[in-house]
Novice: 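Please see the structure below; I have some questions.
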Amino acid sequence: MPDSLHRPQFPRPTLPDGVDSVPFVHGLTGFVDAGNTVFITTQHLLGSLEKELVANFTADAVIEYTNRRPAMLMRDGKLEAFHPHDIKLWLLYDNNGHPFFLLEGTEPDLHWGQLSREILGLLASYGVKETVGIFAATMGVPHTRHVPCLHHGSQHFEGEGITNWEGSMRFPASFDAYLDYILQEEHFRMDGFTAQVPNYLAQSHYSPAAVQLLHALQSFCQLAIPTGAIEKDADDLLTEVNEQIDDNPELVTVVRTMEQTYDSFKEEHERKKTEEADLKVFAEDLMNSEKLGAELEKFLSQVDTRQDPPAEEGDA
C-alpha cells in the first residue's frame, strides 16, 4: 500500500475571502447507486458549474479491477480508448459563486480506513465541518409518483418529497456510509439523502431521481444549481417509459396496482405517523408482491441507454 492514496493539485485551490462554512458533498458510484442516479447527479454538477480539482486519488491502489473492469473502446478493429476508474475531490462554485466540495468517482474496494483519513485531512485543511451524502436505492414505488427521498443525519429536515428516516436498520456498508460514520465521529455535521428508484427501472439511467437529489442539495445546502436541462431529460424519460407501458395492458394494470398500494400507504403513514407504517416496511411488502413480477422489469430494462446527463450552463 502506498504511503499516500492521493495526489493534491498544485497550485492548491483556495476559498474566497470571507467564506467560513463550505459543505462537502460526496457520492461515489457502485453499491448504492440505483438507476445510476448518483452518477447522473455528480456528472451534472461537474458539467454545469465552475470547478477546480483539489485532489486525485489513486484508483489503482483501492479498486479491484478484476471485480469491476474498466471500459475500453474498439473502433474498426483498433483499440482506441481506455476509461480507467477514478476518484476525485473538486471545489465547485454554484451559480451565485458559493463554493462547495464534491467527492465523485468509483467506490473503492480497499483501504477504506486510510482513504477516509486522507479525505478527512483534506477537508480539515479547508475548515469543512458539514458533510452531505447522496445515495439512491431501489424501492417498490411507481414511476408515476414524485420521487420519494429519505433524509438521515444530525438534524430534522423537511422538504418536498423528503421524509426523515425512522427506526433501526442493519445494512451492508458502502464507502460513502462508512465515510459519513468516520466524519460523524470527528464531530462533523452529517446528513444524507437517499432517492428511491422504482425497482423495475433500477438498471436504467433514471434522471428523475437525480433531479430529486439536486433539489435536496439546493434546499438543504442553499446552493444555486442549474436544473433546467436535466429536468427536461427526466420528463422525456418518463414520457418514454409511459409510452412503452401504455402499449401493454397487463403492465398498465401492474402500475395502477402499485399506484393504489403506494397512495394507500402514504395516506396511512400520514394518519398514523407510527414506526410500523415506515416506508421501508411498505417497500419490502411491495417488492415481494407477485403483481410486480419479472415481466415489468424485463420489458423496461432497455428503457434508457443514455450514458451521460445533459450539460448546461447557467439556467437556474
Novice: How about Tyr65: does its OH atom have over 12 heavy atoms from other parts shown lying under 6.0 Å from it?
Specialist: yes

Novice: State whether the number of non-hydrogen atoms from other residues, nucleotides or ligands found under 6.0 Å of Phe171 atom CZ is greater than 12.
Specialist: no

Novice: Could you give me the CA-CA distance, side-chain angles and deciding distance for Phe39 and Thr106, then say whether side chain to side chain contact (heavy atoms under 4.5 Å, CB included) is met?
Specialist: CA-CA 9 Å; Phe39 172 79; Thr106 306; over 6 Å; no

Novice: Is the shortest side-chain heavy-atom distance between Val25 and Leu92 below 4.5 Å?
Specialist: no

Novice: Atom OG1 in Thr41, atom NE2 in His44: separation rounded to 0.5 Å?
Specialist: 8.5 Å

Novice: Is the shortest side-chain heavy-atom distance between Tyr178 and Pro108 below 4.5 Å?
Specialist: no

Novice: Do Glu158 and His151 have side-chain atoms, one donor and one acceptor, less than 3.5 Å apart?
Specialist: no

Novice: Counting N and O atoms only, with roles assigned by atom type, does the side chain of Arg145 sit under 3.5 Å from a partner on the main chain of Asp263, one being a donor and the other an acceptor?
Specialist: no

Novice: Is the shortest side-chain heavy-atom distance between Val54 and Tyr126 below 4.5 Å?
Specialist: yes

Novice: Taking it one step at a time, do Ile245 and Val254 satisfy side chain to side chain contact (heavy atoms under 4.5 Å, CB included)?
Specialist: CA-CA 10 Å; Ile245 290 177; Val254 171; over 6 Å; no

Novice: Measure up the Trp112 and Phe175 rings against each other and bin them: parallel (under 30°), tilted (30 to 60°), perpendicular (over 60°).
Specialist: perpendicular

Novice: If hydrophobic clusters are built from ILVMFWY residues whose side chains come within less than 4.5 Å, do Met139 and Val32 share one?
Specialist: no

Novice: Answer yes or no: is there a donor N or O on one side and an acceptor on the other, between the side chain of Asn248 and the main chain of Leu251, under 3.5 Å?
Specialist: yes

Novice: Taking Asp176 for its side chain and Leu28 for its backbone only, find out whether a donor-acceptor pair lies under 3.5 Å.
Specialist: yes

Novice: Tell me which one of Asp86, Ile63, Ile119 satisfies side chain to side chain contact (heavy atoms under 4.5 Å, CB included) with Phe57.
Specialist: Ile119

Novice: Glu231 and His215: side chain to side chain contact (heavy atoms under 4.5 Å, CB included), yes or no, with the steps?
Specialist: CA-CA 11 Å; Glu231 287 174 350; His215 287 170; 2.9 Å; yes

Novice: Do the side chain of Ser4 and the main chain of His6 share a donor and acceptor less than 3.5 angstrom apart?
Specialist: yes

Novice: To the nearest 0.5 Å, what is the distance between NE2 (His85) and CD (Glu107)?
Specialist: 11.5 Å

Novice: Under a 3.5 Å distance rule, please check whether Gln212 uses its side chain to pair with a backbone N or O of Val147 as donor and acceptor.
Specialist: yes

Novice: For a side chain to side chain contact (heavy atoms under 4.5 Å, CB included) check, start with the C-alpha distance between Val62 and Asp109, then their side-chain angles and the critical distance, and finish with the verdict.
Specialist: CA-CA 6 Å; Val62 297; Asp109 298 303; over 6 Å; no

Novice: Verify the neighbour count for atom NE2 of His187: are there more than 12 heavy atoms of other residues, nucleotides or ligands below 6.0 Å?
Specialist: no

Novice: Treating Ile, Leu, Val, Met, Phe, Trp and Tyr as nodes and any side-chain heavy-atom pair under 4.5 angstrom as an edge, say whether Ile87 and Phe82 lie in one connected cluster.
Specialist: yes

Novice: Does CD in Gln155 sit with more than 12 non-hydrogen atoms of other residues, nucleotides or ligands closer than 6.0 Å?
Specialist: yes

Novice: Would you say the side chains of His143 and Tyr200 form a donor-acceptor pair under 3.5 Å?
Specialist: yes

Novice: Here's a test for you: under side chain to side chain contact (heavy atoms under 4.5 Å, CB included), which of Leu213, Leu45, Ile230 qualifies with Ile40?
Specialist: Ile230

Novice: With the side chain counted from C-beta on, respond yes when Leu150 and Thr163 share a heavy-atom pair under 4.5 Å apart, and no when they do not.
Specialist: yes

Novice: Would you say the ring centroid of Phe188 lies under 6.0 angstrom from that of Phe24?
Specialist: no

Novice: In the structure I gave you, are the side-chain heavy atoms of Phe31 and Pro172 within less than 4.5 Å of one another anywhere?
Specialist: yes

Novice: Side chains of Ser154 and Asp191 only: does a donor on one sit below 3.5 Å from an acceptor on the other?
Specialist: yes

Novice: How many angstroms lie between CG in Asp33 and OH in Tyr206, if you round to the nearest 0.5 Å?
Specialist: 14.5 Å

Novice: Is there a donor-acceptor pair closer than 3.5 Å between any side-chain N or O of Asp233 and the backbone N or O of Ala229?
Specialist: no

Novice: Are the side chains of Glu52 and Tyr93 in contact, using a 4.5 Å heavy-atom criterion?
Specialist: yes

Novice: Please name the pair of heavy atoms, one in Thr42 and one in Gly27, separated by the smallest distance, quoted to 0.1 Å.
Specialist: CG2-O, 3.6 Å

Novice: Can you see which heavy atom on Pro99 is nearest to which on Val19, and at what distance?
Specialist: CG-CG1, 3.9 Å

Novice: Donor-acceptor pair, Asn96 side chain versus His98 backbone, under 3.5 Å?
Specialist: no

Novice: For the OG atom of Ser219 and the CD1 atom of Ile162, what is their distance to the nearest 0.5 Å?
Specialist: 5.0 Å

Novice: In terms of relative ring orientation, are Phe135 and His152 parallel, tilted or perpendicular, with 30° and 60° separating the classes?
Specialist: tilted

Novice: For Gly140, does its backbone N or O pair with a side-chain atom of Gln196 as donor and acceptor, under 3.5 Å?
Specialist: no

Novice: If I take atom CD from residue Gln184 and atom CZ from residue Arg189, how far apart are they, to the nearest 0.5 angstrom?
Specialist: 13.0 Å

Novice: Test your reading of the model: is there a side-chain donor-acceptor pair from Ser125 to the backbone of Leu122, 3.5 Å cut-off?
Specialist: yes

Novice: Can you hop from Met74 to Met72 via hydrophobic side chains spaced under 4.5 Å?
Specialist: yes

Novice: Cluster question for you: counting only ILVMFWY and a side-chain heavy-atom cut-off of under 4.5 Å, with indirect links fine, are Leu110 and Leu120 together?
Specialist: no

Novice: Would the distance check show the side chain of Asn36 and the main-chain N or O of Ser204 forming a donor-acceptor pair, the cut-off being under 3.5 Å?
Specialist: yes

Novice: Report yes or no: do His111 and Glu118 form a side-chain donor-acceptor pair below 3.5 Å?
Specialist: no

Novice: Can you measure from CD (Gln218) to CG (Leu223) and round to the nearest 0.5 angstrom?
Specialist: 8.0 Å

